[in-house]
S.K.: 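I am attaching a structure below and will ask some questions about it afterwards.
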Protein chains: 2
Amino acid sequence: MAPRGETKERILAKALESFSTVGYDGTSLDDLAEALGIRKQTILYHFVSKRGLLNAVLDDSVKVLTESLEEVLDASNPHRDRIEDLVRSVFRVALEQPLLLGLLREVSRPGSPAAPRLKNQMGPLMERAISWMEGEMEAGRMRKTDAQLVLLSAYSTVVGLATEIEILRTAGVERVLRPSAQRRQELLHFLRTSLTPSE
Amino acid sequence: MAPRGETKERILAKALESFSTVGYDGTSLDDLAEALGIRKQTILYHFVSKRGLLNAVLDDSVKVLTESLEEVLDASNPHRDRIEDLVRSVFRVALEQPLLLGLLREVSRPGSPAAPRLKNQMGPLMERAISWMEGEMEAGRMRKTDAQLVLLSAYSTVVGLATEIEILRTAGVERVLRPSAQRRQELLHFLRTSLTPSE
DNA sequence: CGCTTTTTCTACCATTTGGTAAGTCTTGGT
DNA sequence: ACCAAGACTTACCAAATGGTAGAAAAAGCG
C-alpha cells in the first residue's frame with residue numbers, strides 16, 4: 001500500500017505524541033492504531049513489540065537532540081558565546097518539538113523501562129559536554145564547580161520549562177511565545193551568573 | 001483485623017511509592033495489594049476506585065507540601081531571607097520525601113487524569129505566593145518581572161532537581177547528600193540573581 | 001453473650017492488553 | 001505473466017485489569 005516507509009514514520013510520530021503526553025503505560029497499541037486508521041498488527045509488524053516501538057521513538061528523539069547539540073559543541077569558531085548558543089539551540093528544539101522533551105521527561109523517570117537505554121544513548125553526549133566544561137574551567141574561562149552537577153541542573157531546568165510550555169499549551173493558556181523568550185533569558189542569566197569566573 | 005485506620009495509611013504510603021515511581025497507569029491494584037499482603041478488594045473498600053486512591057494520595061501529598069510552605073510564607077518575622085527559607089524548606093521536603101515530588105511530577109504531566117485536581121489544590125498556594133512576590137516588587141525589594149513566570153520556573157527547577165536526586169538514588173549512584181547541598185546553593189544563587197533588583 | 005457495624009475476604013466478570021498465526025493484497029523485478 | 005518479498009489485515013488468545021456481589025470474620029458495644 002504505502003510504497004515507502006511512510007507508515008512507519010507516521011507511527012513513530014503518533015507514538016511520540018502519545019508517549020510524551022499520556023505516557024508509555026497509558027498508551028495502548030489499539031488506540032494508537034485507531035488514531036492512525038490502521039490495525040494494531042501493522043504497528044507490531046514494523047516494530048516487534050511495544051517496547052521496541054518505545055526504543056525506536058526514543059532513538060529518534062535522542063538523535064534529533066544530539067544533532068542539534070553537537071552542532072553547537074562542534075562549532076569551530078571559538079569566540080562565540082557557546083553557552084548562549086547552547087541555550088538557544090535547546091530552546092529551539094523545545095519550541096519546535098516540545099513533545100520530544102516530554103518524552104525525555106517520561107522516560108527519565110525512575111522505574112521507566114527505557115531509562116537505562118536513555119542513559120546509554122545520552123552518555124557520550126554528556127561526557128563530551130562535561131569534558132568541554134572541564135576544559136573551560138582549566139583554562140579559567142569558567143568557574144570551577146562540579147561540571148556534571150551544573151549539566152544536570154541545567155538539563156532539568158530546561159526540560160522542566162519545556163514541559164511546562166507544553167502543559168500551558170494543552171491547557172489552552174494564552175501566550176506561549178513571548179514568555180518562552182523571557183525564560184530563555186532567565187536560563188541564560190542563570191547559567192552565566194553561575195558559570196562566569198569573575199565574581 | 002486492623003483496629004484503627006492503619007491499613008488505610010499503609011495503602012496510601014505504598015500507593016504513593018508506586019505512583020511516583022512506576023506511575024499511575026503502571027500501577028496495578030493487584031500488585032499493590034500483593035506488596036501489602038492484602039487483597040485488592042480491601043483497597044477498593046477504603047478508596048472507591050483506583051482514581052479515588054490517586055486523589056487521596058494526591059490530597060495527602062499536597063497537604064504536606066502546603067503546610068511546609070505556608071509555614072514559611074506565614075512567618076511573621078519580616079527581616080529574614082524569605083527566599084532562602086523557601087528553598088531550604090522545599091529541599092527539606094525533597095530530601096525527606098522525594099516520592100512526594102515524584103508524584104507531583106507524575107501528576108502534573110499534560111494528560112494526567114489528576115492534573116485539574118492538582119491545579120485546584122495548588123491554586124490558592126500559588127496565588128498567595130504570586131501576590132506576595134508582587135508586593136515585594138511594588139516595594140522595590142524584588143526586581144519587576146512576571147511573578148507567575150518566575151514561580152513556575154523555580155517550581156520546575158526544584159521538582160527537576162528533586163526527581164533527579166531520586167533518579168540518582170535509585171540508580172545507586174554514589175553521594176547524594178553533599179551534592180544536594182550544592183544544588184540548594186545553586187538554586188538559591190539562581191533565584192537571588194534573577195530576583196534582586198540591584199543590577 | 002448477642003447484636004450491629006466495620007473491615008476483609010472469596011468468587012466472578014467484562015474489558016482491555018500485548019502478542020501470535022496465518023492469511024491477503026500490493027509491488028517490483030525478471 | 002509470474003513470483004518472491006514486503007506491507008497490511010483478519011482471527012484469535014492468554015493474561016492482566018479495574019470493578020461488582022456477597023459471604024465471612026473481626027471489633028465495638030450493650
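These numbers were taken from a predicted model, which means no experiment stands behind them. Per chain, numbering begins at 1; letters A, B, ... match sequence-line order.
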S.K.: State yes or no: do A:Val22 and A:Val107 share one hydrophobic cluster built from I, L, V, M, F, W and Y residues joined by side-chain heavy-atom distances below 4.5 Å, directly or via other members?
M.R.: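 No, A:Val22 and A:Val107 fall in different hydrophobic clusters.
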
S.K.: Select one nucleotide: of C:dT7, D:dG19, D:dT17, the one nearest the side-chain heavy atoms of B:Leu29.
M.R.: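 Closest of the options to the side chain of B:Leu29: D:dG19.
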
S.K.: Please report the distance, rounded to the nearest Å, between CG in A:Asp30 and P in D:dC13.
M.R.: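 Atom-to-atom, A:Asp30 to D:dC13, this comes out as 17 Å.
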
S.K.: What distance do B:Lys40 atom NZ and B:Asp30 atom CG have between them, rounded to the nearest 0.5 Å?
M.R.: 4.0 Å

S.K.: Checking side-chain hydrogen bond (donor to acceptor under 3.5 Å, both in side chains) against A:Gln121, which of A:Asn55, A:Asp59, A:Thr66 comes through?
M.R.: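 Of A:Asn55, A:Asp59, A:Thr66, side-chain hydrogen bond (donor to acceptor under 3.5 Å, both in side chains) with A:Gln121 is met by A:Asp59 alone.
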
S.K.: Less than 4.0 angstrom between a side-chain N/O of B:Thr7 and OP1 or OP2 of C:dT7, yes or no?
M.R.: no

S.K.: Check whether any side-chain nitrogen or oxygen of A:His46 sits under 4.0 Å from OP1 or OP2 of D:dC8, and answer yes or no.
M.R.: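 It does, given that an N or O in the side chain of A:His46 lies less than 4.0 Å from OP1 or OP2 of D:dC8.
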
S.K.: Calculate the interatomic distance between A:Leu53 atom CG and C:dG18 atom C1'; express it in whole Å.
M.R.: 12 Å

S.K.: What's the closest nucleotide to the B:Ser28 side chain, out of C:dT17, D:dT17, D:dG19?
M.R.: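 Given the options C:dT17, D:dT17, D:dG19, the side chain of B:Ser28 is closest to D:dT17.
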
S.K.: Can a donor-acceptor pair be found, under 3.5 Å and without considering hydrogens, that links the side chain of B:Ser61 to the backbone of B:Val57?
M.R.: yes

S.K.: So does B:Arg128 pair up with B:Glu70, basic N to acidic O under 4.0 Å?
M.R.: yes

S.K.: Which of residues 34-45 of chain A sit near DNA chain D, with a heavy atom under 4.0 Å from it?
M.R.: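 A:Ile38, A:Arg39, A:Gln41, A:Thr42, A:Tyr45 - these, ordered by number, are the residues of the stretch whose heavy atoms sit under 4.0 Å from the strand.
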
S.K.: Output yes when a side-chain donor or acceptor of B:Ser112 lies under 3.5 Å from a complementary backbone atom of B:Ser108, and no otherwise.
M.R.: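 Side chain of B:Ser112 to backbone of B:Ser108, a donor-acceptor pair under 3.5 Å: no, none is there.
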
S.K.: I need the CG-C1' distance between A:Leu32 and C:dT16, as an integer number of Å.
M.R.: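 The answer, rounded to whole Å, is 15 Å.
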
S.K.: Roughly, in whole Å, what's the span from CG in B:Asp25 to P in C:dG18?
M.R.: 11 Å

